[in-house]
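One structure is given here, and the rest of the page talks about it.
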There are 2 protein chains.
Amino acid sequence: MFQGEHKNTMDGKGRVNIPASFRETLRTRYADEQVIVTRDYDGCLRAYPPKEWERSVLSSVRQRDINDEFRRSYERFVISPAITCVPDKQGRILLPATLREYAELDKTVLFAGGASHFEIWDIARRDTRIKEDLTILKKGPPSP
Amino acid sequence: MFQGEHKNTMDGKGRVNIPASFRETLRTRYADEQVIVTRDYDGCLRAYPPKEWERSVLSSVRQRDINDEFRRSYERFVISPAITCVPDKQGRILLPATLREYAELDKTVLFAGGASHFEIWDIARRDTRIKEDLTILKKGPPSP
DNA sequence: GCGCAAAGTGGGTAAATGTGGGGAATTATC
DNA sequence: GATAATTCCCCACATTTACCCACTTTGCGC
């Protein structure tokens, strides 16, 4: 389980440290170090352990018809920019320029745990997003 | 597996470097260097390792009747402009003028990984396309 | 507080990757 | 057949990445 929010700083080379607790989860629960990072359509990046990537992303998209509009968009937007990141000796990953630009990451980035994945945010973006979420939540869930 | 998005620049002669990770995939997974490049009907180019070209393009089209309208269009549009590209010593391929013009490639081009092929895009075209994809994705998947 | 270990940050250097261009060989054009 | 254009095959250089080491900061024990 990836949980909690952690701020780490990205250096000039585009390297960021994965929070130790997330690395711990990767080791113990997935017997793996690497993660698959891609963009999320809320403006952040998402990282999955390879098993989860296969289980919750690839396999679900494959159930759709190959010419399905949603599937094609999803593949272009989510699948194709995905890259496998292997942490270096210090536990850092190098985020490729294209993903960094998309998520507007600069110095301080925020790692946010999800159940079986985690997100990587630019702080400012996350803040505005959280505010939006708050108003959505206060309205309450849709009736049905 | 071809994965990730990579920006490379095409020089005045029409040469572009294939991203190193794609070349790596070609070597290790296909024991080959060359790729077959053709047009895709989303406005970009598509490159296949020869084996995949045979497996996922040629063989599937051959299953259609030779007088089938779709097959005839497909052959004219996709099969016939295809050319085999062999990387030079630096790992670059020379894209023929006709394909370059079709995809409106000029300076900076984007290589986007697919499962068993990759695409070559003009950045601006890809961006507008991605924006469309984003609105499709935010609407959520169709009810199945 | 003090000390230790773990976590996080920064930078140097060699290798790998990407870019540009010259000139010979080949092909096209008239 | 001569000339122009294109392609191929080198070499040289710039940029980026991988790998290593060292330092600072944080958390936690006594």
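Numbers restart at 1 for each chain; the letters A, B, ... are given by sequence-line order, proteins then strands. In this text, all values refer to a predicted model and were calculated from it rather than measured experimentally.
For dC9(D), its base never sits under 3.5 Å from the side chain of Gln90(B) at any donor and acceptor pair.
Phe118(A) and Phe111(A) have tilted rings, their planes meeting at an angle from 30° to 60° on a 0 to 90° scale. Taking the six-membered ring where the residue is Trp, Phe77(B) and Tyr102(B) present perpendicular rings, their angle passing 60° and hence far from 30°.
Between Glu119(B) and Arg76(A), none of the side-chain N atoms (NZ, or NE/NH1/NH2) sits under 4.0 Å from a carboxylate O, so this pair counts as no salt bridge. Between Glu33(A) and Arg27(A), none of the side-chain N atoms (NZ, or NE/NH1/NH2) sits under 4.0 Å from a carboxylate O, so this pair counts as no salt bridge. Looking at Arg72(A) and Asp42(B), a side-chain N of the basic residue comes within less than 4.0 Å of a carboxylate O on the acidic one, giving a salt bridge.
In this structure, Asp88(A) atom CG and dG10(C) atom P are separated by 14 Å, rounded to whole Å. If you measure from atom CG of Leu94(B) to atom P of dA5(D), you get 17 Å, rounded to the nearest angstrom. For Lys89(B) and dA16(C), the NZ to C1' distance is 16 Å, given to the nearest whole Å. In this structure, the CD atom of Glu24(B) is 18 Å from the P atom of dA15(C), given to the nearest Å. When rounded to the nearest whole Å, the span between CZ of Arg27(A) and C1' of dA6(C) equals 11 Å. Atom pair Glu33(B):CD and dC8(D):P shows a separation of 14 Å (rounding to whole Å applied).
Of the N and O atoms on the side chains of Arg46(B) and Tyr48(B), at least one donor lies less than 3.5 Å from an acceptor on the other residue.
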Start with the C-alpha distance between Gln3(B) and Thr84(A), add both sets of side-chain angles, then the distance that settles side chain to side chain donor-acceptor pair (under 3.5 Å), and finish with yes or no. CA-CA 8 Å; Gln3(B) 55 176 4; Thr84(A) 303; 2.7 Å; yes
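Under a cut-off of 6.0 angstrom, the local environment of CD in Glu69(B) is sparse, with at most 12 non-hydrogen atoms contributed by other residues, nucleotides or ligands.
Within residues 6-22 of chain B, the residues approached by DNA chain D to less than 4.0 Å at the level of any non-hydrogen atom are Lys13(B), Arg15(B), in residue-number order.
Annotation: of the two residues near DNA chain D, Arg92(B) and Ala97(A), the 5′-most nearest-nucleotide partner is Arg92(B).
Arg23(B) has a side-chain polar atom (N or O) that falls below the 4.0 Å cut-off from OP1 or OP2 of dG18(C).
Paired with Asn17(A) under the rule side chain to side chain donor-acceptor pair (under 3.5 Å), one option of Arg23(A), His6(A), Arg92(A) passes, and it is Arg23(A).
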When every nucleotide of nucleotides 24-30 of chain C is labelled 5' to 3' by its protein contacts under 4.0 Å (heavy atoms), B for base, S for sugar-phosphate only, - for none, what sequence of letters results? -------
